[in-house]
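Accompanying notes for the structure given below.
This is a predicted model, so every value here is computed, not measured.
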Amino acid sequence: MTSTIVVEDTEIKALDDVADRFFAAVEAGNIDAVREIYSPDARIWHNFDDYASTREENLQVLGWVSANVPGFRFEEVRRYYIPGAFIQQHVIRGQKPDGSEIRCPAILKVECSNGHIDRIEEYFDLSQMPLG
């Protein structure tokens with residue numbers, strides 16, 4: 001038996017607002033804006049190390065990416081909704097230090113409340129990202 005999950009239009013709009021602000025800030029390297037979007041106790045879990053980093057730990061990583069990965073961006077975006085969260089598939093692109101192109105398919109489950117991100121579960125192949 002299949003069940004259907006219904007997410008109200010108003011919740012989709014609120015989730016899209018958080019998502020659009022978050023991904024735009026990450027692409028722009030605006031770490032202060034990302035900090036404001038994360039809740040103070042946000043956790044960002046990664047499949048490649050099974051670790052849930054703190055907001056500040058993640059902001060350090062995003063700062064490094066902004067400084068070291070020219071053209072960092074999200075393409076081929078597909079977004080899905082569940083109550084209190086969105087799931088986004090995308091391809092991360094940018095340039096590696098040697099000038100070659102990054103192409104890293106990824107998927108994130110992002111839990112939100114009150115206009116903030118509370119938790120991200122991030123899935124990608126670390127070998128495809130130059131995280132120094």
Measure the CG-NE2 distance between D50 and H46 for me, rounded to the nearest 0.5 Å.
11.0 Å
At their closest point, which heavy atom of N30 faces which heavy atom of A33, and how far apart are they?
OD1-N, 3.0 Å
Side-chain donor/acceptor of R119 to backbone N/O of C112, under 3.5 Å:
no
Are more than 12 heavy atoms from other residues, nucleotides or ligands located less than 6.0 Å from atom CG of N114?
no
Salt-bridge criterion met for D17 and R21 (N-O under 4.0 Å):
yes
Residues that Y123 engages under ring pair (Phe, Tyr, Trp, His ring centres under 6.0 Å), provided they are two or more places apart:
W45
Could you state whether V65 and I120 fall into the same hydrophobic cluster, counting links through intermediate Ile, Leu, Val, Met, Phe, Trp or Tyr residues with side-chain heavy atoms under 4.5 angstrom apart?
yes
So, using side chain to side chain contact (heavy atoms under 4.5 Å, CB included) as the criterion, who are the partners of A24 when residues are at least two apart?
none
Quick note, ring-ring contact (aromatic ring centres under 6.0 Å, His included) partners involving residues 94-113, not counting sequence neighbours, are none
Indicate the atoms forming the closest heavy-atom contact of S39 with D118, along with that distance.
OG-OD1, 3.1 Å
Connected via hydrophobic side-chain network under 4.5 Å: I5 and I12
yes
Would you find a donor on one side and an acceptor on the other, under 3.5 Å apart, between the side chain of Q60 and the backbone of E57?
no
Any residue meeting ring pair (Phe, Tyr, Trp, His ring centres under 6.0 Å) with F86, in chain and number order, not counting sequence neighbours
none
Looking at residues at least two apart in the chain, or sitting in another chain, which of them share a salt bridge (charged side-chain N to carboxylate O under 4.0 Å, His left out) with E75?
R73, R93
So, for G29 and S66, which heavy atoms are closest and what is the spacing to 0.1 Å?
CA-OG, 3.3 Å
Got a sec, which pairs hit salt bridge (charged side-chain N to carboxylate O under 4.0 Å, His left out) with one end in residues 26-47, sequence neighbours left out?
D32-R35, R35-E56
Closest non-hydrogen atom pair, V7 against E11
CG1-OE1, 3.6 Å
The side chain to side chain contact (heavy atoms under 4.5 Å, CB included) partners of N58 (sequence neighbours excluded) come to Y38, I44, S53, L62
Partner residues of D98 under the side chain to side chain contact (heavy atoms under 4.5 Å, CB included) criterion, sequence neighbours left out:
K96, S100
Transitively linked via ILVMFWY side-chain contacts under 4.5 Å: V77 with V34?
yes
Same hydrophobic cluster for V61 and F72, using side-chain heavy-atom links shorter than 4.5 Å among ILVMFWY?
yes
Mind checking what makes ring pair (Phe, Tyr, Trp, His ring centres under 6.0 Å) contact with F23, not counting sequence neighbours?
F74, H90
Can you give each donor-acceptor pair under 3.5 Å made by side-chain atoms of residues 102-111, sequence neighbours left out, with the distance rounded to 0.1 Å?
residue, atom, partner, partner atom, Å
K109, NZ, E111, OE2, 3.1

Could you tell me the separation between the OH atom of Y81 and the CG atom of D9, rounded to the nearest 0.5 Å?
10.5 Å
Applying salt bridge (charged side-chain N to carboxylate O under 4.0 Å, His left out), can you list everything that pairs with D125, at least two apart in sequence or on another chain?
none
How long is the straight-line distance from CZ of F22 back to NE2 of H116, given to the nearest 0.5 Å?
13.5 Å
Find the distance between CZ (R78) and CD1 (I87) and round it off to the nearest 0.5 Å.
12.5 Å
Can you list everything that forms a salt bridge (charged side-chain N to carboxylate O under 4.0 Å, His left out) with R79? Sequence neighbours excluded, please.
D16, D20
Measuring from Y80:OH to Q88:CD, what's the distance to the nearest 0.5 Å?
10.0 Å
N47 side, atom CG; L126 side, atom CG - distance, nearest 0.5 Å
8.5 Å
